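Report on the structure given below.
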Amino acid sequence: MNTDEVLGIFREAGAVLEGHFILTSGLRSPVFLQKARVFMHADKTERLCKALAEKIRAAVPGPIDYVVGPAIGGLIPAYETSRHLGAPAIWVEREGGEFRLRRFEIAKGSRVVIVEDIVTTGLSIRETIDCLRALGAEVVAAACIIDRSAGKTDVGVPLIALAEYEVPAYPADRLPPELAAIPAVKPGSRNI
Ligand SMILES: O=P(O)(O)OC[C@H]1O[C@H](OP(=O)(O)OP(=O)(O)O)[C@H](O)[C@@H]1O
Ligand SMILES: O=C(O)c1cc(=O)[nH]c(=O)[nH]1
Ligand SMILES: [Mg+2]
């Protein structure tokens with residue numbers, strides 16, 4: 001599946017929003033990919049995640065013990081991708097602001113692949129890697145449906161993206177005037 005097909009699915013679902021958005025990194029952007037409007041459709045989610053699972057299988061030699069989704073956005077794509085990889089899906093969720101594996105135990109040396117929805121700066125994936133490595137897991141790769149950095153983000157492990165779609169994002173004190181004129185909204189779950 002190529003980037004145009006992935007974006008076609010997002011557009012069909014009404015998931016490509018325009019306005020003034022505060023991203024999880026604090027950056028501001030005129031475009032927000034509201035993945036929840038895609039993941040509400042099982043057929044669309046299945047098509048995307050089956051293709052992502054095939055890309056992961058081709059890139060990751062050896063066994064995968066767990067697929068890990070960073071909540072909330074990573075929950076559904078990690079679960080659906082895990083179904084096609086034949087590995088169990090678990091998740092990290094925020095406790096006091098930090099990602100924790102609150103509901104599961106994994107053996108030291110477990111080989112895990114992180115599956116995210118969207119990557120912008122890679123911050124959320126790096127936080128997930130820190131949490132998993134502290135538990136003794138081996139993070140063999142990270143994957144996402146759309147990489148908004150278009151390959152520029154370095155998360156410290158191979159990043160497998162189903163699509164790369166570069167979208168502008170600005171520090172809050174360097175907004176273009178047309179963006180500054182629109183009231184900002186923060187759709188994500190960090191800090192709420
Ligand atoms: O690469 P980054 O700069 O970290 O941005 C991408 C992250 O932002 C979103 O999560 P968010 O914290 O907004 O909450 P959500 O998972 O509930 O949507 C998205 O789900 C990714 O996890
Ligand atoms: O960077 C983010 O926080 C972000 C961007 C985006 O397009 N979609 C999303 O869910 N999060
Ligand atoms: Mg998220």
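The model shown is predicted, which means the values in this text are computed figures rather than measured ones. Just so you know, ligand 1 is whichever comes first in the structure, and atom 1 is the first atom listed for that ligand. We're numbering straight along the sequence, starting at 1.
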Can any side-chain N or O of [X] pair as donor or acceptor with the backbone N or O of [Y] at less than 3.5 Å?
X    : Y   : value
E54  : A51 : no
Q34  : A36 : yes
R111 : P63 : yes

Using a 4.0 Å cutoff against the non-hydrogen atoms of [X], which atoms of ligand 1 qualify?
X    : answer
D117 : 19 (C), 20 (O), 21 (C), 22 (O)
L123 : 1 (O), 2 (P), 4 (O)
G122 : 1 (O), 2 (P), 3 (O)

Distance to 0.1 Å, residue and atom name: give those for the protein heavy atom nearest to [atom].
atom                    : result
atom 9 (C) of ligand 1  : K35 NZ, 4.0 Å
atom 22 (O) of ligand 1 : E116 OE2, 2.5 Å
atom 8 (O) of ligand 1  : T24 CG2, 3.2 Å
atom 7 (C) of ligand 1  : S124 OG, 3.5 Å
atom 17 (O) of ligand 1 : S189 OG, 2.6 Å
atom 3 (O) of ligand 1  : T121 OG1, 2.5 Å

Please assess E95 against R102 for the test salt bridge (Lys or Arg N to Asp or Glu O under 4.0 Å), listing each intermediate value before the final yes or no. CA-CA 8 Å; E95 189 178 52; R102 292 185 61 233; 3.1 Å; yes
Under 3.5 Å, N or O to N or O, is [X] touching ligand 1 that way?
X    : answer
G73  : yes
G188 : no
I118 : no

Using the test ring-ring contact (aromatic ring centres under 6.0 Å, His included), find all partners of F104 that sit at least two apart in sequence or belong to another chain. W91
Pairs under 3.5 angstrom only: tabulate donor-acceptor contacts from the side chains of residues 37-44 to other protein residues two or more places apart or in another chain.
{"residue": "R37", "atom": "NH1", "partner": "G14", "partner atom": "O", "Å": "3.3"}
{"residue": "K44", "atom": "NZ", "partner": "E12", "partner atom": "OE1", "Å": "3.1"}

N-O pairing of E127 and R94 below 4.0 Å: yes
Taking NZ, NE, NH1 and NH2 as the nitrogens, is one of them in R148 or E166 under 4.0 Å from a carboxylate oxygen of the other? no
Scan D4, I118, I146 and name whichever one has a side-chain contact (heavy atoms from CB on, under 4.5 Å) with Y165. I146
What does the list of residues with a heavy atom under 4.0 Å from ligand 2 look like, ordered by chain and number? L23, T24, F32, L33, K35, I118, T120, R148
Among residues two or more places apart or on two chains, list those pairs meeting salt bridge (Lys or Arg N to Asp or Glu O under 4.0 Å) that have a residue in residues 59-87. E46-R83, E80-R83
